[in-house]
Amino acid sequence: MHDLDDLSPLLDALNPAQREAVCAPPGHTLVLAGAGSGKTRVLIHRIAYLMQACQVPAHAVLAVTFTNKAASEMRERLHKLSRLPIGGLWVGTFHGLAHRLLRLHWQEAQLPQGFQILDSDDQARALRRIIKNRSLDEKLWPAAKMQWYINQKKDEGLRPAQIDPGDNRHAQILWEIYEDYQQFCTRSGLVDFGELLLRTHELFKQQPALLAHYQQRFQHVLVDEFQDTNHIQYLWLRQLTGLQGAAFAVGDDDQLIYGWRGAKPGNLQQFQADFAPVQLVRLEQNYRSTGLILAAANALIHHNTARLGKTLWTSGAEGAPIGLYGARNEYDEARFITERIQAWVAQGCPYAECAVLYRSNAQSRVLEETLGAAKLPYRVYGGQRYFERAEIKDALAYLRLLANSDDDSAFERAVNTPTRGIGDTSLEQVRQLARKQGLSLWRASQHLLADNTLSARAGNALRRFLELILRLRQETAALSLSALTDQVLQQSGLLDFYRQKKGEKEQMRVENLEELVSATKQYQDDATDLSATLRAEGQTPLLAFLSNAALDAGDEQTPTNQDTVQLMTLHSAKGLEFPLVFLCGLEEQLFPHRMATQTEGGLEEERRLCYVGITRAMRQLYFSHAEVRRLHGTETYSRPSRFIQEIPSGLVEDVRLKTVAHAPYRPPAATLAHSTAEFHIGQHVSHPKFGEGVVLSGEGQGASARVEVNFGRQGVKWLVLAYANLQASPPRS
DNA sequence: CCTTTATTTTTTTTT
DNA sequence: AAAATAAAGG
């Protein structure tokens, strides 16, 4: 043990409770840490403490975080704090770590070396295909539901063999689809998110020697955001900790927001029971938020039942009340936010201190429009991720095929994008043969070509496609990752395909594809720790890049260090903090979300989500809601969220816009006729030829403005206003 | 077989 | 509103 002087820089900055956690004796520890109580800080200091005071080598430490963002932040902070060599330290998400283990031990896990990760979009496509193959009605068996079922089973650690479908017909079909899907994955060398965890769990179960190796290596396993751990992750943790390892879990039951992914409120209690004896430490002092913000958070979360119970307090200032803005519509709301941010910046504070949080990704669009119009720099986290864009997925499909020709998911995607004369008819033949013989699409294609079963035209097209892939593989074998990507984009014709089109969207796609080449270039230059290790562990750059693309959906594409307003969902805001926070869209049906109110316990989870949002704020917090909002294409009126009512009114203050001078903002909207609102829906009109009718809907402006009119017996017609000579008429009695 | 247009469906959160 | 699918036209 070093003497205390060495440790003082490490421990001095901590409060007693934090120090207790950091210096907890060997054995299992559970830290119940409220929002803003220095959770991450404790975790990082704990690792440094283990290394400095207890002589624990870096390679004996495994730290699990919830997002990739959190993982890289932890590495960074650890490096700053201790300047110790942390090379052998494993930090990552459950999925990231499981993936790493599977890459290392692909043989023992019975996976092909080039196995690829299936994202949820690929998964949905695969399931749609399977449902079609079984000639089930897609209306009755929506892929999304099947996806949900399968993922849930995997999260519970269940294979088809371990599920008893019983004699319920519905359950049996679900079971069969799961079985089919699993076969598809195996045949194609594909692994979905849930599979990463389940497969690793089984790998450890089947290979005791391997497990023993890792148990011996990882003396300390630390888990952040423990409350959001699901069953399979929990099993994993227990397995890895074994009999000798020490688990150090940090969590807050009030911040459990991934119940829909299998996290259970009982997690923390379960940990105490299973890992007993557990040293319990509570962190209740909040260093982040003002007194008023904290009071609001406490009051809100108090409406939940079955909590472990914990009340945050602060010795800091009371701060300003929470501002509440009732907007007329979502544009008005965005304008309010814009204005407040401008005022904030006018005081000399950076944009980067401002965060706008919302319930669903779709809400970001209006905010982006408005912020952009006001020329405020912003950055959107999550949402349509870079690697999820259609054109990027197209390009990646080619890369995946290069890595593994049996990847059916990639095959389906690449084979006719850009169109090269391999239509659904020919493809169906390939699929049929593949199904009958249990082959991959690639192999089935080879067979069909060898047997000459296809028409000359289709056969040639297909042959050219296979040759293209083979040629690319050969020619690029010696090239760098970026040169390889460049070649693929050129030779596949993808780049030309989008270039030929004139639309603005297509231009964007071309730019995105070009960006992909520079992304690969950047990737090979300053690769992250994970990819560096992956490569050191014998992965080809291509494989490492593809895995990275699937697991870390390109959140770090744009540089983090720029001074921009931060836009993100409440879910992605977990673990972060900002001086100025806007919580917008606080309306019934949106937040709490309609979908959540229909599930058991859904409302409480929404409330916890709101709690997470509130506790992100350090100095100033604003709530906003809109009377009317365009949601899924239709105008929706809604009441302010119940969460607003649940906060004592003394903590909240109504705010108004300072500049009310100009007319209320009107979204670029839907007036029906070419001359302003000549006709409205439900209006009675008369037409020289068709007679009397009622306006059903309308679209377009100026010369192309049209209305849809129901003329009763004459039927429903679309009429161009410029020609139709429609007259407004009084309703018939 | 490809492209364009019309129709229908689906609307949360993420690894 | 956007995306997926179906139908029609070339």
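Rounded to an integer number of Å, the gap from Glu587(A) CD to dT12(B) P is 16 Å. One atom, CD of Gln598(A), and another, P of dT10(B), lie 15 Å apart when rounded to the nearest Å. When rounded to the nearest whole Å, the span between CZ of Arg629(A) and P of dA1(C) equals 14 Å. Counting to the nearest Å, the C1' atom of dT12(B) and the CE atom of Met595(A) are 8 Å from each other. If you measure from atom CG of Asp424(A) to atom C1' of dC1(B), you get 11 Å, rounded to the nearest angstrom. The distance between atom OH of Tyr381(A) and atom C1' of dT15(B), rounded to the nearest whole Å, is 18 Å. Atom OH of Tyr258(A) and atom P of dT15(B) are 6 Å apart (whole Å). Straight-line distance from the CD atom of Gln233(A) to the P atom of dT14(B): 16 Å, rounded to whole Å.
Rounded to a whole angstrom, the distance from the P atom of dT13(B) to that of dA4(C) is 15 Å.
Although no hydrogens or angles enter the test, the distance criterion places a donor-acceptor pair under 3.5 Å between the side chain of Thr636(A) and the main chain of Thr634(A). For the pair Arg616(A) (side chain) and Leu576(A) (backbone), a donor-acceptor distance under 3.5 Å is present.
Of the listed nucleotides (dT5(C), dT14(B), dT11(B)), dT14(B) has the atom at the smallest distance from the side chain of Asn361(A). Among the nucleotides dA4(C), dT14(B), dC2(B), the one closest to any side-chain atom of Trp260(A) is dT14(B). For Ser120(A), whose side chain is taken as the heavy atoms from C-beta onward, the closest listed nucleotide among dT15(B), dC1(B), dA2(C) is dT15(B). Among the nucleotides dT11(B), dT14(B), dT15(B), the one closest to the side chain of His632(A) is dT11(B). Comparing dT15(B), dT14(B), dT11(B) by their closest approach to the side chain of His571(A) singles out dT14(B). The side chain of Arg630(A) approaches dA1(C) more closely than any other nucleotide in the set dA1(C), dC2(B), dT11(B). Distances were taken from every side-chain heavy atom of Arg365(A) (C-beta onward) to each of dA1(C), dC1(B), dT14(B); the shortest belongs to dA1(C).
Stem list for DNA chain B (at least 3 consecutive Watson-Crick or G-U pairs, distances under 3.5 Å): B:1-10 with C:1-10.
Heavy-atom distances to DNA chain B give each of Pro142(A) and Ala458(A) a nearest nucleotide, and the one nearer the 5′ end belongs to Ala458(A). Map Glu605(A) and Gly423(A) each onto its nearest nucleotide of DNA chain B; the residue landing nearer the 5' end is Gly423(A).
Between Glu225(A) and Lys574(A) there is a salt bridge, with a side-chain nitrogen of the basic residue lying less than 4.0 Å from a carboxylate oxygen of the acidic one. A salt bridge links Glu428(A) and Arg129(A); the closest N-O separation between the charged side-chain nitrogens and carboxylate oxygens is under 4.0 Å. Between Asp228(A) and Arg261(A) there is no salt bridge, since none of the side-chain N atoms of the basic residue sits less than 4.0 Å from a carboxylate O of the acidic one. Salt bridge status for Glu73(A) with Lys69(A): absent, with no side-chain N to carboxylate O gap under 4.0 Å.
Within 4.0 Å (heavy atoms only), Phe94(A) reaches no atom of the nucleic acid at all. Here Thr634(A) lies out of heavy-atom contact (under 4.0 Å) with every strand. Counting non-hydrogen atoms under 4.0 angstrom, Arg594(A) reaches nothing in the nucleic acid. Ile422(A) comes within contact range of the sugar-phosphate backbone alone, with a heavy-atom separation under 4.0 Å but no base atom that close. Arg128(A) comes within 4.0 angstrom of the backbone, heavy atoms only, and of no base. Residue Arg420(A) is in sugar-phosphate contact alone, with no base atom involved, counting any heavy-atom pair closer than 4.0 Å across all strands shown.
Under the 6.0 Å cut-off for aromatic ring centres, Phe94(A) and Trp236(A) qualify, their centroids lying closer than that. Trp260(A) and Tyr258(A) have their aromatic ring centers within a separation under 6.0 angstrom. When ring centroids are compared, Phe591(A) and Phe623(A) stay outside the 6.0 Å threshold.
In this structure, Thr419(A) reaches the dT3(B) phosphate: one of its side-chain N or O atoms is under 4.0 Å from OP1 or OP2. OP1 or OP2 of dT14(B) has at least one side-chain nitrogen or oxygen of Ser572(A) nearer than 4.0 Å.
The aromatic ring of His95(A) is not stacked on the base of dT15(B), since the criterion of ring centres less than 5.5 Å apart with planes inclined by under 30° is not met.
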